[in-house]
Asks: 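Before I ask anything, let me first share the structure, which is written out below as structure tokens.
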Amino acid sequence: MATKEYQCVKIEKGEGIGWLILNRPEKRNAMSPQLHLDMADAMEELATDPEVQVMVVTGAGKSFCAGQDIQLTFRGRETASPADTRKHRAASKAWRWDKLDTFPKPTIAMVNGFCFGGAFTPLCACDYALAADEAIFGLSEVNWGILPGGIVSWNVVQVMNYRNAIYYATTGDTFDGKKAVELGVANFHYPLAQLRDETIKLAKKLMEKSPAAVRYTKEAIRAVRFMNEPQAEDYLNAKSDALKHVDKENGRQEGMRQFLDEKSYRPGLGHFKRKKKEA
Ligand code: COA
């Protein structure tokens, strides 16, 4: 599938990975209205691109994303038309949360540098986050007299505990990749020089699994966060039944056959041998 070109976003593809790159390095990838529009469109492209099995969100240059563009998004809104403001706000929310939260393939945030303020929403929306040791994270809103708005405060209390969320949001203290893992903001941290290779390794690990099982599992984990126990049980039973019908590889039957009949693998220690790689 042809790769579209954008003003503020770059797409690269290879080895089953779609790299969705915030591309305003001279502004540390601060999110302008145009970047929001570009990201919303680019994400739709990658969602249905058959060459892409895993999507990685990252930033060009030495920054992941310096948050909302304070000039173009915040000051700009003071003079923008209501119609433009509405369009840009919708795109900002759409790609940073709605589209990522429901993305049909695994998503990895590769935090290669600065990650501030509004960047926490796409960071938390991705299924996984890998951080460079050298990355600098911060809920910097308090440093210029605002609060972590949009849905940033809500995102942060889901990955950090309550005490840490209040601490980092009210002090604006920065933290590095190692601390991001301790706080639950990232899964793993690596020296920047290894970050891309480690991201590719994780993407490949995910590509070995049944795409339908991975998709339904991540959807289930996301959904049960907001349910009580009886709701979760009912939902998970229905979701499991649905998986049987959508899984074109019929993984459940094949997995049982290879373990119980063929005795060719152990589910506790690895994945069954897949016949085809596409869902
Ligand atoms: N909004 C608008 N412009 C931004 C920006 C943002 N969030 N982040 C960086 N930029 C711009 C700078 O104004 C500068 O523009 P200029 O070259 O036209 O002067 C350019 O990007 C480079 O930034 P600079 O501050 O010189 O780079 P740095 O590497 O020394 O520092 C940061 C990087 C990210 C630490 C610093 O730019 C910063 O604190 N940005 C704001 C981060 C923030 O609080 N974001 C949350 C917003 S809610």
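One is the number of the first residue; the rest follow in order along the sequence. Start at 1 and go down the list; that is how both ligands and their atoms are numbered. Side chains are part of it too, since the values below use all heavy atoms of this structure and drop only hydrogens, waters and symmetry mates.
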Asks: In Å and rounded to the nearest 0.5 Å, what is the CG to OG distance from Leu37 to Ser32?
Replies: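 Rounded to the nearest 0.5 Å, the CG-OG separation comes to 8.5 Å.
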Asks: Enter the distance from Leu147:CG to Ser153:OG here, rounded to the nearest 0.5 Å.
Replies: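 Reported to 0.5 Å precision, the distance equals 6.0 Å.
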Asks: If you measure from each heavy atom of Met31 to ligand 1, is any distance below 4.0 Å?
Replies: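 It does not, in that no heavy atom of Met31 comes within the 4.0 Å cut-off of ligand 1.
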Asks: Please write down residue, atom name and distance for the protein heavy atom closest to atom 47 (C) of ligand 1.
Replies: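 For this ligand atom, the closest protein heavy atom is Gln68 O, 3.8 Å.
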Asks: Which ligand 1 atoms does Lys62 reach within 4.0 Å, using its non-hydrogen atoms?
Replies: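 Every atom of ligand 1 under 4.0 Å from some heavy atom of Lys62: 29 (O).
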Asks: Search all heavy atoms of Thr107 against all heavy atoms of Ala125 and return the closest pair with its distance.
Replies: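 Taking Thr107 first and Ala125 second, the nearest heavy atoms are OG1-O, 4.4 Å.
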Asks: How close do Leu192 and Ala132 get, heavy atom to heavy atom, and via which atoms?
Replies: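 Smallest heavy-atom distance, with atoms named: CD1-CB, 3.8 Å.
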Asks: What is the closest protein heavy atom to atom 22 (C) of ligand 1, and at what distance does it sit?
Replies: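 Closest protein heavy atom to atom 22 (C) of ligand 1: Glu26 O, 3.6 Å.
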Asks: So is there a nitrogen or oxygen of Ile70 less than 3.5 Å from a nitrogen or oxygen in ligand 1?
Replies: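 Yes, Ile70 has an N/O under 3.5 Å of an N/O on ligand 1.
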Asks: Which pairs of donor and acceptor atoms, one on a side chain in residues 193-202, lie under 3.5 Å apart (sequence neighbours left out)?
Replies:
residue, atom, partner, partner atom, Å
Glu198, OE2, Lys201, NZ, 3.2
Thr199, OG1, Leu195, O, 2.7

Asks: Which protein heavy atom lies closest to atom 11 (C) of ligand 1, and at what distance to 0.1 Å?
Replies: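 Result: Lys27 CD, 3.7 Å.
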Asks: Quick check on atom 45 (N) of ligand 1 - does any protein heavy atom sit closer than 4.0 Å to it?
Replies: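 There is a protein heavy atom less than 4.0 Å from atom 45 (N) of ligand 1.
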Asks: Just which atoms of ligand 1 are under 4.0 Å from any heavy atom in Ala30?
Replies: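 Answer for ligand 1: 1 (N), 5 (C), 6 (C), 7 (N).
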Asks: Please state which protein non-hydrogen atom is closest to atom 33 (C) of ligand 1 and give its distance, to 0.1 Å?
Replies: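 I find the closest protein heavy atom is Phe114 CE1, 3.6 Å.
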Asks: To which protein heavy atom is atom 3 (N) of ligand 1 closest, and what is the distance rounded to 0.1 Å?
Replies: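 I find the closest protein heavy atom is Asp69 OD1, 4.2 Å.
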Asks: Right, does atom 13 (O) of ligand 1 have protein non-hydrogen atoms nearer than 4.0 Å?
Replies: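 Protein heavy atom within 4.0 Å of atom 13 (O) of ligand 1: absent.
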Asks: Using heavy-atom distances only, which candidate in Phe116, Phe64, Phe74 approaches atom 35 (C) of ligand 1 most closely?
Replies: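 Nearest heavy atom to atom 35 (C) of ligand 1 lies in Phe116.
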Asks: What is the minimum heavy-atom distance between Cys8 and Asp38, and which atoms define it?
Replies: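 Answer, listing the atom of Cys8 first, then Asp38: N-OD2, 2.8 Å.
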Asks: May I ask you to identify the nearest protein heavy atom to atom 28 (P) of ligand 1, giving residue, atom name and distance to one decimal place in Å?
Replies: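 Looking at atom 28 (P) of ligand 1, the protein heavy atom closest to it is Arg28 NE, 3.6 Å.
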Asks: Any non-hydrogen protein atom below 4.0 Å of atom 30 (O) of ligand 1?
Replies: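 When distances to the protein are checked, atom 30 (O) of ligand 1 has no heavy atom within 4.0 Å.
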Asks: Ignoring hydrogens and angles, write down the donor-acceptor pairs under 3.5 Å from the side chains of residues 58-69, residues two or more places apart or on other chains.
Replies:
residue, atom, partner, partner atom, Å
Thr58, OG1, Met110, O, 2.8
Thr58, OG1, Asn112, OD1, 3.2
Ser63, OG, Arg28, O, 2.8
Ser63, OG, Cys65, N, 3.4
Gln68, OE1, His36, NE2, 2.8
Gln68, NE2, Ser92, OG, 3.4
Asp69, OD1, Gln71, N, 2.9
Asp69, OD1, Leu72, N, 2.8
Asp69, OD2, Arg24, NH1, 2.9
Asp69, OD2, Arg24, NH2, 3.3

Asks: Might you confirm whether atom CD of Glu26 has over 12 heavy atoms from other residues, nucleotides or ligands at distances under 6.0 Å?
Replies: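 Counting other residues, nucleotides and ligands, CD of Glu26 exceeds 12 neighbours.
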Asks: Give, for atom CZ of Phe137 and atom CZ of Phe120, the distance between the pair rounded to the nearest 0.5 Å.
Replies: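 Atom-to-atom, Phe137:CZ and Phe120:CZ are 6.5 Å apart.
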Asks: Looking at Lys218, I'd like to know if its NZ atom is crowded, meaning that more than 12 non-hydrogen atoms belonging to other residues, nucleotides or ligands lie closer than 6.0 Å.
Replies: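 Counting neighbours around NZ of Lys218, more than 12 heavy atoms of other residues, nucleotides or ligands fall under 6.0 Å, so yes.
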Asks: For atom 25 (O) of ligand 1, is some protein heavy-atom partner under 4.0 Å away?
Replies: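 Protein heavy atom within 4.0 Å of atom 25 (O) of ligand 1: absent.
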Asks: I need the nearest protein heavy-atom contact for atom 43 (C) of ligand 1: residue, atom name and distance, please.
Replies: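 Nearest neighbour among protein heavy atoms for atom 43 (C) of ligand 1, to 0.1 Å: Ser140 OG, 3.3 Å.
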Asks: May I ask you to check whether Tyr167 and Asp173 show a side-chain donor-acceptor distance below 3.5 Å?
Replies: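 Tyr167 vs Asp173: donor-acceptor pair found between side chains.
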Asks: If you scan the protein for heavy atoms around atom 8 (N) of ligand 1, do you find one that is closer than 4.0 Å?
Replies: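 Yes, at least one protein heavy atom sits under 4.0 Å from atom 8 (N) of ligand 1.
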Asks: Got a protein heavy atom sitting under 4.0 Å from atom 39 (O) of ligand 1?
Replies: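 Within 4.0 Å: no protein heavy atom nearby.
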Asks: Start with the C-alpha distance between Arg274 and Glu249, add both sets of side-chain angles, then the distance that settles salt bridge (Lys or Arg N to Asp or Glu O under 4.0 Å), and finish with yes or no.
Replies: CA-CA 8 Å; Arg274 289 173 60 211; Glu249 296 181 4; 2.5 Å; yes
Asks: Could you check atom 42 (C) of ligand 1 against the protein and tell me its nearest heavy-atom contact, residue, atom and distance included?
Replies: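 For atom 42 (C) of ligand 1, the nearest protein heavy atom comes out as Ala66 O, 3.5 Å.
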